[in-house]
Protein chains: 2
Amino acid sequence: MTDRRIQKSNRALLDASFQVLLKNPHASLSEVAKQAEVGRATLYRHFPTRENLIKAIAIESLQLIKNSMTPIVTSDLQGKAAIHRMVKVLLPIADRFHFLQMIWTLVEFDQQVWRLYEEQMATIKCWILQGQRQGVLNPDLAADWIVSVLDSMLYSASWIIANNMMETTQIEQQLLQTLFEGIQSNEA
Amino acid sequence: MTDRRIQKSNRALLDASFQVLLKNPHASLSEVAKQAEVGRATLYRHFPTRENLIKAIAIESLQLIKNSMTPIVTSDLQGKAAIHRMVKVLLPIADRFHFLQMIWTLVEFDQQVWRLYEEQMATIKCWILQGQRQGVLNPDLAADWIVSVLDSMLYSASWIIANNMMETTQIEQQLLQTLFEGIQSNEA
DNA sequence: CCTTTTTGAGACAGTATTGTTTCATATCTT
DNA sequence: AAGATATGAAACAATACTGTCTCAAAAAGG
């Protein structure tokens with residue numbers, strides 16, 4: 001039915017562009033095509049404009065994030081346990097967060113992308129409010145602030161991983177520790 | 001001695017470019033010149049290349065940060081108290097951090113800029129190690145991780161302030177609370 | 001007041017990128 | 001195997017931005 005060539009090119013382009021634009025958001029589409037081992041014309045056939053390409057990556061990233069989170073949503077995990085689990089699940093795809101954060105200022109997205117984004121944020125916020133009601137999370141902290149911190153810590157972690165400054169498992173442990181208990185010494 | 005026009009144009013250009021490029025790193029130099037109420041030719045007379053302009057903003061930002069931090073360095077504050085104070089001092093200029101973080105991937109800086117940056121980071125890292133030795137900061141956390149978290153939390157705060165989502169004083173309090181004690185409820 | 005210097009406006013060439021189109025070739029589907 | 005379709009290479013126009021230059025006007029300094 002569907003031509004295998006199309007799928008192959010599409011995949012190669014999505015992977016390559018993510019890889020290239022993550023490193024350098026200014027990269028020309030020639031570079032992307034080259035990295036994807038695909039002709040420049042083919043790139044334009046698949047993604048008519050640059051914005052179109054970036055949007056496709058954004059949607060794929062958000063979809064990836066969503067797919068990682070739904071198992072947690074459908075499970076009966078709540079509050080702290082849910083957040084704990086979420087961090088573990090999202091850390092491996094933290095570079096997707098990085099990408100979204102990076103292009104956020106460069107491209108104006110349409111409703112579709114925003115909806116996906118808001119949806120994920122709403123889910124996280126919901127867990128936080130739940131945790132606060134249950135008394136496991138500090139109710140003095142604004143939910144928006146906590147969401148933002150979570151976001152930026154994942155970003156930090158992704159950056160450290162990308163630069164090979166620490167091992168993934170160690171980062172995971174340190175992130176959770178810091179997020180829940182802060183940087184203060186336990187004994188203090 | 002020095003022509004007042006030069007200083008005036010220079011200041012206007014530095015302010016305008018920071019403002020414009022913070023919003024949109026892609027903005028053309030025409031937009032910058034327009035915002036600065038200065039001719040495009042004048043912009044090029046002051047800053048021969050785009051990179052040159054961005055570098056100037058980066059240096060000014062780093063200098064600003066440095067000037068904010070030196071009073072703390074020369075004081076005898078240490079460990080937690082020093083970090084506490086630092087957060088308070090840096091929060092008002094968090095948008096400078098935001099800017100640096102934003103352009104970091106877009107421009108390759110020369111030694112001068114790197115030195116200034118490394119210098120600030122080293123100072124912060126020094127305080128953290130000190131705090132860990134004194135037992136006020138969790139010694140299990142990597143100093144690099146803590147620096148990174150600090151950085152990203154300031155970024156979060158700056159973003160929230162920029163979007164008028166919370167008041168500055170409240171953010172300051174929440175940032176310190178989260179940084180030191182995490183998001184966990186005290187009673188938990 | 002007179003000289004020097006900066007400025008703004010505009011024209012200008014150079015360059016890079018975008019996006020389109022064509023056509024022969026290779027690869028798929030049936 | 002045969003027809004349909006995606007692809008690569010290349011040429012192409014259009015655009016946008018960069019960086020340079022000139023010149024008259026404005027503003028500074030002594």
Side-chain angles (χ1 to χ4, degrees), chain A residues 1-60 99 102-103 105-110 113, chain B residues 1-60 99 102-103 105-110 113:
Chain A
M1 199 74 211
T2 51
D3 201 318
R4 279 181 289 175
R5 288 171 293 183
I6 300 179
Q7 297 175 14
K8 188 182 167 191
S9 297
N10 211 265
R11 197 84 295 274
L13 281 168
L14 282 174
D15 290 342
S17 54
F18 174 68
Q19 203 176 326
V20 171
L21 297 178
L22 184 65
K23 258 194 187 169
N24 170 26
H26 281 6
S28 69
L29 297 192
S30 307
E31 291 181 61
V32 171
K34 190 180 166 191
Q35 169 78 21
E37 292 179 310
V38 147
R40 203 169 67 90
T42 303
L43 190 156
Y44 279 102
R45 283 188 197 103
H46 285 252
F47 305 97
T49 69
R50 180 193 190 80
E51 201 163 323
N52 208 297
L53 174 62
I54 292 182
K55 184 184 162 189
I57 310 173
I59 288 182
E60 191 181 41
F99 183 84
M102 195 183 263
I103 58 172
T105 54
L106 309 184
V107 184
E108 290 181 19
F109 288 120
D110 55 9
V113 182
Chain B
M1 199 75 211
T2 53
D3 201 318
R4 279 181 289 175
R5 286 172 293 181
I6 299 180
Q7 298 175 14
K8 188 182 169 191
S9 297
N10 211 266
R11 197 83 293 272
L13 281 168
L14 282 173
D15 291 342
S17 54
F18 174 69
Q19 202 176 328
V20 170
L21 297 178
L22 183 67
K23 258 193 187 171
N24 170 26
H26 282 6
S28 69
L29 297 192
S30 307
E31 290 180 62
V32 172
K34 189 179 165 193
Q35 170 77 25
E37 294 180 308
V38 146
R40 202 169 66 89
T42 302
L43 190 157
Y44 279 102
R45 283 189 198 104
H46 284 252
F47 306 99
T49 71
R50 180 194 190 82
E51 201 161 321
N52 207 296
L53 173 63
I54 293 182
K55 185 185 158 188
I57 310 173
I59 289 182
E60 190 180 43
F99 183 83
M102 195 183 262
I103 59 173
T105 54
L106 308 185
V107 183
E108 292 180 18
F109 288 121
D110 56 9
V113 181

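Chain naming here is simple, since letters A, B, ... match the order of the sequence lines and numbering starts at 1 in each.
Considering every non-hydrogen atom in both B:Met102 and B:Leu21, the closest pair reads SD-O, 3.9 Å.
The interatomic distance linking B:Leu29 (CG) with D:dT20 (C1') rounds to 14 Å, in whole Å. Residue A:Arg45 contributes atom CZ, which lies 8 Å from atom P of D:dG8 at whole-angstrom precision. Between the CD1 atom of A:Ile6 and the C1' atom of D:dT7 there is a distance of 11 Å, given to the nearest Å. Rounded to whole angstrom, the span from the CG atom of A:Asn10 across to the P atom of D:dA6 amounts to 12 Å. For the pair B:Arg4 CZ and D:dA27 P, the interatomic distance rounds to 11 Å; values are reported in whole Å. The distance from atom NZ of A:Lys34 to atom P of D:dA9 is 12 Å, rounded to the nearest whole Å. Regarding B:Glu31, its CD atom lies at a distance of 14 Å from the C1' atom of D:dT18, rounded to whole Å. In this structure, B:Tyr44 places its OH atom 18 Å from P of D:dT22, rounding to the nearest Å.
A:Gln19 is linked by a side-chain contact (heavy atoms from CB on, under 4.5 Å) to A:Gln35, counting only residues two or more places apart in sequence or in another chain.
Salt-bridge check for A:Lys23 with A:Glu31: failed, with every basic side-chain N at 4.0 Å or more from each acidic carboxylate O. Checked for salt-bridge contact, A:Glu37 and A:Lys8 miss the test: no charged N lies under 4.0 Å from a carboxylate O.
Checked against D:dC17, D:dT7, D:dA10, the side chain of B:Ser28 finds its nearest nucleotide in D:dC17.
Between the side chain of B:Ser17 and the backbone N or O of B:Leu13, at least one donor-acceptor pair lies under 3.5 Å.
Rounded to the nearest 0.5 Å, atoms CZ (A:Phe47) and NZ (A:Lys55) are 11.5 Å apart. The CD1 atom of A:Ile6 lies 6.5 Å from the NE2 atom of A:His46; values are rounded to the nearest 0.5 Å.
Using a 4.0 Å heavy-atom distance criterion, A:His46 is classed as a sugar-phosphate-only contact. Residue B:Arg50 is in sugar-phosphate contact alone, with no base atom involved, counting any heavy-atom pair closer than 4.0 Å across all strands shown. Residue contacts shown for B:Glu37 are limited to sugar-phosphate atoms, with no base heavy atom under 4.0 Å away.
Bracketed by its first and final contacts, the part of DNA chain C lying under 4.0 Å from non-hydrogen atoms of chain B reaches from C:dT5 to C:dA11 in 5' to 3' order.
Remark: A:Arg5 is not in phosphate contact with D:dT5, judged by side-chain N or O atoms under 4.0 Å from OP1 or OP2.
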